[in-house]
Every structure is written in structure tokens, then in C-alpha cells.
Q: 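One structure, pasted below without further comment.
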Amino acid sequence: MRFSQLLIPTLKEDPAEAEIISHKLLLRAGFIRKLTSGTYTYLPLGLAAIKKVEQIVREEMNRAGAQEILMPMVQPASLWEESGRWDVYGKELLRFTDRNGRNSCLGPTHEEVITDLVRMNVQSYKELPLNLYQIQTKYRDEARPRFGLMRGREFIMKDAYSFDATDKEAEQSYHKMNQAYHRIFERCGLRFRAVEADSGAIGGSFSHEFMVLADTGEDTIVTCKNCQYAANMEKATCVPASKSKDEPQELTKIETPGKRKVKVVCEFLDIEPRQLVKTLIYIVNDKPVAVLLRGDHEVEEVKLANILGVSDEDLRMADDKEVYDATGTPTGYLGPIGLEIQVVADTEVATMVNFAVGANDKNYHVVNCNMGRDFTPTMTGDVRKVTDNDRCILCGGDLVLTKGIEVGHIFKLGTKYSASMNATFLDAKSQEQPFIMGCYGIGVSRIVAAAIEQNFDKDGMIFPIPIAPVQVLILNLGLKDTEITEAANTIYADLLKKGIEVILDDRDERPGVKFKDADLIGIPFRVTVGKNFNKDGSIEIRTRANGDVTTTTFADSVAEITTMVEKGLNQ
RNA sequence: CGGGGCGUAGCGCAGCCUGGUUAGCGCGCCUGCCUUGGGAGCAGGAGGUCGGAGGUUCGAAUCCUCUCGCCCCGACCA
């Protein structure tokens, strides 16, 4: 490809609309252009990078025994009504009516369609296991699209669905995908962690998220400094503190006028937040529930929902009025003693002795409160967010909180869809059984953005070689010089013959412009044919990632470049 | 959905508060000269219904009302 003929509209300045680095660089380097909020056109270089990722995904999915299909993007409401999601999916599902008045939607995911496909076409356990995938544009009507390709309304996703006859085989399918995902992200040249995610009703460790490590990530992940433990916030647990050995003291009520916030109460009582237990009121399916938590901790709502046996959508914080209605006490003075409603205590609270709580009386707190003696919670369990002061549940090592970008998620679905949609097969005993399913997603377009978040410098992108739009960029710095131009053209043609992907910058621009653009678009190897070629026949090969320059001769250049590219691709 | 900000040339912005000639600047683009190893220089040029609608006024980019779009924080969400 010749640069002069490609649409690569590079920009000198940062576009005002972009906030994070990948968004800025994707726009500046001419990889994407916005059509409207959250939707982008992929220009030649952007599309080339996406195709690289797609190809890696295809190869590894096929290697793992999955088969590629392509499902419709427009889906009938009737299928979603069958699975029960038409009413629960929310506004992210873009719904519309076709000319015949049929309710339809744009597919944000394809569990319904695939389940329908398989129930119509697979009858026997002999046809299992089955794993089908597609690479397709998804549409989710995001509340707030942002960060360019990171969170768009339209995005390219690989989604796979496995169907198995038994639980054991379903777990094997899951593990195959887990391995395939590790291979995929490694091949993409990403620094990532697979973390345990909350799997809701399924239980077990059958949901993993694949997180690219980057400061701009929207998710928080918890990892152990010492061992392999890694989990997302919803799932992460830690070693609870050991039970305090202090002697219980006498419960004492203290006037704390106007002191409502943890910080203020603690200052007034001259104690640390870790010596106070706060009482939060949640509304769970319209009923109030009190949650007891150490003063410096935060509720993890997913854990709370799990322990209560409800969906996290069924639970929310109560507002001030609801708190008063439920407890007869204004917020700020709530405590567990004498509370009539359901009380959930965090595990940590059970280890505390002589802590402060609200007195359930306006302007009063009590100190030296003790669980078991002064009150008894309805249940006790881990309902808080892990902090970076906590210790690893596996090895006791220090936990660290870091930011990540979710690029993949694998999930054992069980029979959620096969049961509701009546998708069954006959087992060896002629018994009808629902398929046991799994689903496995990868954000293809998001990977490109995540790779840039992880690999850039002040001059531009630095693509990992396997997913760079092309591997080599040749700069012809002597367009009007026949010798230079002939040499550049010959190297270009020879590299193409060798199967190396290459762009020749044959634009009538000054060298500085070409160097700047080359850095900006982040092609791994830059080959310069310019005045040094006239002087002593030398040609430079520069590695974008580290700036290393290899000087070679015209005769050796193609072999040298080929070696570097192949080495780069195989490392 | 709540809060905030911004819409003026392809991009980045000034002008608006305090209404008044042909609406500016930088980058980019076109032509010519010149230059050619890190976004050169000179000269000439094209390009804008100032997001849209309504209103106030002799007169609106500027003031008022409505509206559309985009961005940010939060809520929500794989």
C-alpha cells in the first residue's frame, strides 16, 4: 500500500472531544472518525488493526474446536419474551417496530438466537459438545458512551456459546475457552490478568474476566502481591481480622449532637473509624434491611445481593425518608441495638469488641457495643469491598487494587436459557435434557483501544507487532532522487513478495512530516531510505517500541527486515 | 436520568460579558517560488447561512426563549 493513496487523515492537534490517550491517538493517527456519539467509522489503518485481532481470535477459537457462524443483528422480540429478558434487559436494548408492527431489537448479545438455533437443529447427545461463535457488530444503547472505542454503542465483539450434555463436559468446555483466551490475549501482546468474577446463581469459579492492566481502566481488580490470586471487586475476598481479645466494657450512651458522619463522630469520640460500626439501610424488594459495616469499609452490593439470595437489581440504598420510616431514627444515629428489621453484619464486625454505633436515638451514639451481647444480627457474612489494607485469602499476602479494562469474559450459563426456551436433547437413556451452556465474549474493537492504552509514548502509538495494522513502514525521503526512489520501491516490492505487510510513504512531504506521522501511527518497524543511502548506501531500520536503529545495506535490507519482523511476531 | 461545560472554516481556538463596517487567528488545504534526516520559509488563494428555530432591536455570532448535538462528572450498565 502506498501512503499517498491511503486515507490516513492525521491530525497535529488533539481533538477536543477526546479525553483518554487511546481515543486521542486513534483520532489523531487517522484510525477512526466519529459518526455520532459512541459510533465510529474504522478507517483503513483502524480496520487493519481490528482485522489482526479478529484473525488471532479466529485462529484460537478454531484451534479450540469452535465453529464460526454469523447470526442476524436484528432479533425478534418473541425470542426475548421466551427467555424472559424482554422485560428485564433495560434501556440498553434498542427496541423498535418493523413495518408489520413486530417488536424487534438490535442484538446486544445472542443467547436467545443461538439457543433457538441449537434447539431447532441439535437433537442428540451424540452431536455434543458444540461450540459456535461469531465476530459481529453489537449494539448496546449505552447510557453514556465514552472514551472512543472503549465504550461505544456499536462495537465489534466475538461471542461464543457452548452446548454440553453434562455438567462435567460443560466445565471442560469452559476450561478450553479459558485456555484459548489466555492464548489470544498473549498473542495480542497485551499485559493482562484473568480474574475471578461473580457468577451469581451458578456458583463455583465459573466466571472469569480478562482484564488488560491500564490506569485508565474503568474496573478495579484485586490481585495478590505474593501469589496468583486475582479477582474483580464484586468477587474478591480476603482474610478477616482475628477476633479482638479486649475485655467487653459496659455499654455507654453518649450525647453526640449533630454528629452524623463516621468521620465526625469518630473525631468527637476520639476513636478511629475502624472502632466504629456503621449501620446502612438498603431497600431489598421493597423491604428494609440493615447492613452493619466497620466504619472505614464499603458495601459490595453484589456480595450483599448474593447473601440475601436476590439479584443486585433488587437492592438499593434507602433514602432518608425510607430510613426514618423503617427505623424511627434519622440517618446518622442508626445502630443495631433494638432494630426490628433484618440485620446483616459483615464478617469483620463479628471480630470487633467495644465498638461505637448509633443509639437509634437522635443526637446519641453508644460506645462499647458488642455483637452477641447487645444485639444479634439475622445473618453474618462477607458483604464489603476489599481494600488494599487486606490480606490474600489464599496465602495471606498483601492485596493490591489496580485498574483494568475488561476485554474478555467467560461464563458458565448452565441451563438458564435452555430451560426457559425449552432447548433440549436426548441423552443415551432417551431422556430429554436441557443443554448446559456457556458463553464467552471478547471485545475486539476494545482490544485495539486497550492495546494503545498500554503502549504509547509522547509521539504516538506503539503497536504490539501481532496487531499492528502493518508491520513495516518505508519512508522514501528522496522522492525526486531516482536512486533513493528506486531503492525504496524495490525494498517495498521485495517485502511484499515475502509476505511482509508494508506501507511505502511516497508522499511529497518533507522528512520531518514523515517521521512524525510514522511515530504517530506506531508501525513497529520504520525503514528509512534517504540521504544516507546516497552517501554510503546505508538504510536504517528503526524499532518503534524502543527506538533502536539498525543500519544495513540495500542488499541486506530485505533479509534484515524480514528477520526482525518474524522474530517480533514469534516472540 | 441528575449536575456541569461547549457548539464560530476540515482541526484547535479568539470574538459574546459591554449589540454597530468586508467575523478573526494558528494548523490544515490549493497555486507558485524556495527548501528537503524530526511537523521549514515567502507570496498569493479557496473555504463560514457563527448548530437550528423563534423573539427583542434601526441593527444580533453577541441579548432573551425554545430546540438539537457533542463532551465531562455521577447514576446506570458487561
Side-chain angles (χ1 to χ4, degrees), chain A residues 7 9-20 23-24 27-30 33-39 88-94 108-111 138-148 150-153 155 157-159 195 197-200 207-211 217-219 232-234 301-302 311-313 315-317 319 404-411 439-443 446 458-460 475-481 484-485 505 507-521 526-535 538-540 542 547 549 551:
Chain A
L7 181 62
T10 58
L11 266 19
K12 280 189 179 179
E13 291 166 292
D14 281 339
E17 70 189 50
E19 195 71 14
I20 63 169
H23 191 192
K24 286 179 182 171
L27 288 165
R28 278 194 58 205
R33 281 297 180 266
K34 182 175 70 179
L35 176 63
T36 183
S37 180
T39 64
V88 298
Y89 203 91
K91 291 185 184 164
E92 258 185 47
L93 183 64
L94 185 64
T109 178
H110 281 69
E111 281 84 3
K138 295 284 190 252
Y139 195 94
R140 294 184 189 172
D141 200 357
E142 284 283 344
R144 183 147 90 89
R146 59 187 130 174
F147 302 149
M150 205 66 91
R151 180 173 288 272
R153 294 194 292 185
F155 56 96
M157 182 169 166
K158 186 282 305 180
D159 48 325
V195 305
D198 177 63
S199 47
S207 179
H208 283 84
E209 293 174 339
F210 291 78
M211 311 289 289
E218 293 186 89
D219 296 299
N232 73 5
M233 251 310 169
E234 284 104 61
E301 295 189 2
V302 172
S311 154
D312 59 343
E313 287 157 20
L315 129 185
R316 61 179 173 82
M317 283 281 269
D319 61 33
I405 301 163
E406 182 193 347
V407 290
H409 194 171
I410 59 177
F411 202 99
C439 70
Y440 316 92
I442 289 182
R446 184 181 274 187
K458 65 174 172 44
D459 294 314
L475 304 187
N476 175 350
L477 296 189
L479 210 62
K480 295 189 179 96
D481 182 305
I484 289 173
T485 298
D505 191 346
R507 294 176 299 168
D508 184 12
E509 292 286 356
R510 297 164 56 86
V513 173
K514 297 191 179 189
F515 286 135
K516 287 290 184 189
D517 276 346
D519 287 345
L520 183 60
I521 66 182
R526 185 189 79 191
V527 177
T528 307
V529 189
K531 69 178 184 191
N532 289 345
F533 180 71
N534 276 347
K535 201 170 17 173
S538 69
I539 284 162
E540 295 105 64
R542 182 171 181 271
V549 176
T551 303

Q: Atom CG of A:Leu479 to atom P of B:G37: distance rounded to whole Å?
A: 14 Å

Q: Return the NE2 to CG distance between A:His208 and A:Asn232, rounded to the nearest 0.5 Å.
A: 10.0 Å

Q: Please classify the nucleic acid contact of A:Thr109 as base, sugar-phosphate, or nothing, using heavy-atom distances under 4.0 Å.
A: nothing

Q: Return the CD1 to NZ distance between A:Ile484 and A:Lys531, rounded to the nearest 0.5 Å.
A: 10.5 Å

Q: Across the strands shown, which category fits A:Arg28 at heavy-atom distances under 4.0 angstrom: base, sugar-phosphate, nothing?
A: base

Q: Identify whether the distance between the nearest side-chain nitrogen and carboxylate oxygen of A:Lys91 and A:Asp141 falls below 4.0 Å.
A: no

Q: Give none if B:G12 has no partner; otherwise give the nucleotide forming a Watson-Crick or G-U wobble pair with it, both distances under 3.5 Å.
A: B:C25

Q: Base of B:C77, side chain of A:Arg151 - is there a donor-acceptor contact under 3.5 Å?
A: yes

Q: Quick one: which of B:G37, B:C72, B:G38 gets closest to the side chain of A:Glu19?
A: B:C72

Q: Between B:U36 atom P and A:Lys514 atom NZ, what is the distance in whole Å?
A: 15 Å

Q: Got a second to check how far A:Leu479's CG is from A:Arg510's CZ, nearest 0.5 Å?
A: 14.0 Å

Q: To the nearest Å, how far apart are A:Asp505 CG and B:G38 P?
A: 15 Å

Q: Could you tell me the separation between the CZ atom of A:Arg153 and the P atom of B:C76, rounded to a whole number of Å?
A: 21 Å

Q: Using atom CD1 of A:Ile484 as one end and atom P of B:G37 as the other, report the distance to the nearest whole Å.
A: 10 Å

Q: Provide, to the nearest angstrom, the distance between the NZ atom belonging to A:Lys458 and the P atom belonging to B:G39.
A: 12 Å

Q: If we take the C1' atom in both B:G51 and B:C68, what is their distance in whole Å?
A: 8 Å

Q: Using a strict threshold of under 4.0 Å (side-chain N to carboxylate O), is an ion pair present between A:Arg146 and A:Glu19?
A: no

Q: Quote, to the nearest angstrom, the C1' distance that separates B:A40 from B:C33.
A: 14 Å

Q: At their closest point, which heavy atom of A:Lys138 faces which heavy atom of A:Pro108, and how far apart are they?
A: CD-O, 3.5 Å

Q: Can you tell me how far P in B:U31 sits from the matching atom in B:U8, rounded to whole Å?
A: 28 Å

Q: Under the 3.5 Å rule, do the base of B:G37 and the side chain of A:Arg526 count as making a donor-acceptor pair?
A: no

Q: If you measure from the Lys or Arg side-chain nitrogens to the Asp or Glu carboxylate oxygens, is any gap between A:Asp517 and A:Arg526 under 4.0 Å?
A: no

Q: Please give the distance between the C1' atoms of B:G52 and B:A61 as a whole number of Å.
A: 14 Å

Q: Mapping A:His409 and A:Lys34 to their closest nucleotides on RNA chain B, which lands nearer the 5' end?
A: A:Lys34

Q: For B:C72, take OP1 and OP2 only and decide whether either is under 4.0 Å from a side-chain N or O of A:Arg144.
A: yes

Q: Whether the side chain of A:Lys516 engages the backbone of A:Asp459 through a donor-acceptor N/O pair (distance < 3.5 Å, no angle test) should be reported.
A: no

Q: P atom, B:C63 versus B:C6: distance in rounded Å?
A: 12 Å

Q: Look only at the side chain of A:Lys34 and the backbone of A:Gly148, and say whether a donor-acceptor pair between them is shorter than 3.5 Å.
A: no

Q: Quick check on B:C27: is either OP1 or OP2 less than 4.0 Å from any side-chain nitrogen or oxygen of A:Lys12?
A: no

Q: Could you report the tightest heavy-atom contact between A:Thr551 and A:Ser538, atom names first, then the distance?
A: CG2-CB, 3.6 Å

Q: Need one value for A:Glu540: base, sugar-phosphate or nothing, where a base atom within 4.0 Å counts as base even if backbone is also close, heavy atoms only.
A: base

Q: Indicate for each nucleotide in nucleotides 3-15 of chain B, in 5' to 3' sequence, whether protein heavy atoms under 4.0 Å reach the base (B), only the sugar-phosphate (S), or nothing (-).
A: --------BSS--

Q: Under 3.5 Å, side chain of A:Lys24 to main-chain N/O of A:Pro15, donor-acceptor pair present?
A: no

Q: Looking at B:C71, I'd like to know if its phosphate oxygens (OP1 or OP2) sit under 4.0 Å from a side-chain N or O belonging to A:Ser37.
A: yes

Q: Counting only side-chain N and O atoms of A:Lys535, is one of them less than 4.0 Å from OP1 or OP2 of B:G37?
A: no

Q: Spell out, as yes or no, whether a donor-acceptor pair under 3.5 Å connects the side chain of A:Lys514 to the backbone of A:Leu477.
A: no

Q: Determine the Euclidean distance between corresponding P atoms of B:G24 and B:G41; express it in Å to zero decimal places.
A: 23 Å

Q: Tell me which nucleotide among B:G37, B:G38, B:G39 gets nearest to the side chain of A:Arg542.
A: B:G38

Q: What's the CZ-C1' distance between A:Arg507 and B:G39, to the nearest Å?
A: 10 Å

Q: Atom pairs, N/O to N/O, protein against nucleotides 33-35 of chain B, distance under 3.5 Å?
A:
from	atom 1	to	atom 2	distance (Å)
B:U35	O2	A:Arg510	NH1	2.6

Q: Any idea which of B:G39, B:C73, B:C77 is nearest the A:Val513 side chain?
A: B:G39

Q: When both hydrogen-bonding distances must be under 3.5 Å and the geometry is Watson-Crick or G-U wobble, what is B:G32 paired with, if anything?
A: B:C42

Q: Could you work out which one of B:C77, B:G39, B:A75 sits closest to the side chain of A:Ala143?
A: B:A75

Q: Considering only the C1' atoms, how many Å lie between B:A23 and B:C16, rounded to the nearest integer?
A: 12 Å

Q: Please determine, for B:C1, whether a Watson-Crick or G-U wobble partner exists with both distances under 3.5 Å, and give it or none.
A: B:G74

Q: Is there a Watson-Crick or G-U wobble partner for B:U62 with both distances under 3.5 Å, and which nucleotide is it?
A: none

Q: Between A:Asp219 and A:Gly530, which is nearer to the 5' end of RNA chain B once each is assigned its nearest nucleotide?
A: A:Gly530

Q: What does B:C6 pair with, Watson-Crick or G-U, if both distances are under 3.5 Å?
A: B:G69

Q: Run the numbers on A:His23 and A:Met150 for side chain to side chain contact (heavy atoms under 4.5 Å, CB included), then give the verdict.
A: CA-CA 8 Å; A:His23 191 192; A:Met150 205 66 91; over 6 Å; no

Q: Considering just the side-chain nitrogens and oxygens of A:Arg316, establish if one lies under 4.0 Å of OP1 or OP2 belonging to B:C76.
A: no

Q: What interatomic distance, in whole Å, is found between C1' of B:G4 and the corresponding atom of B:C77?
A: 22 Å

Q: Partner lookup for B:U49, please. Criteria are Watson-Crick or G-U wobble with both distances under 3.5 angstrom; report none if nothing qualifies.
A: none

Q: To the nearest Å, give me how far apart CG (A:Leu315) and C1' (B:C77) are.
A: 16 Å

Q: Let's test this: given Watson-Crick or G-U wobble pairing with both distances under 3.5 Å, identify the partner of B:G19.
A: none

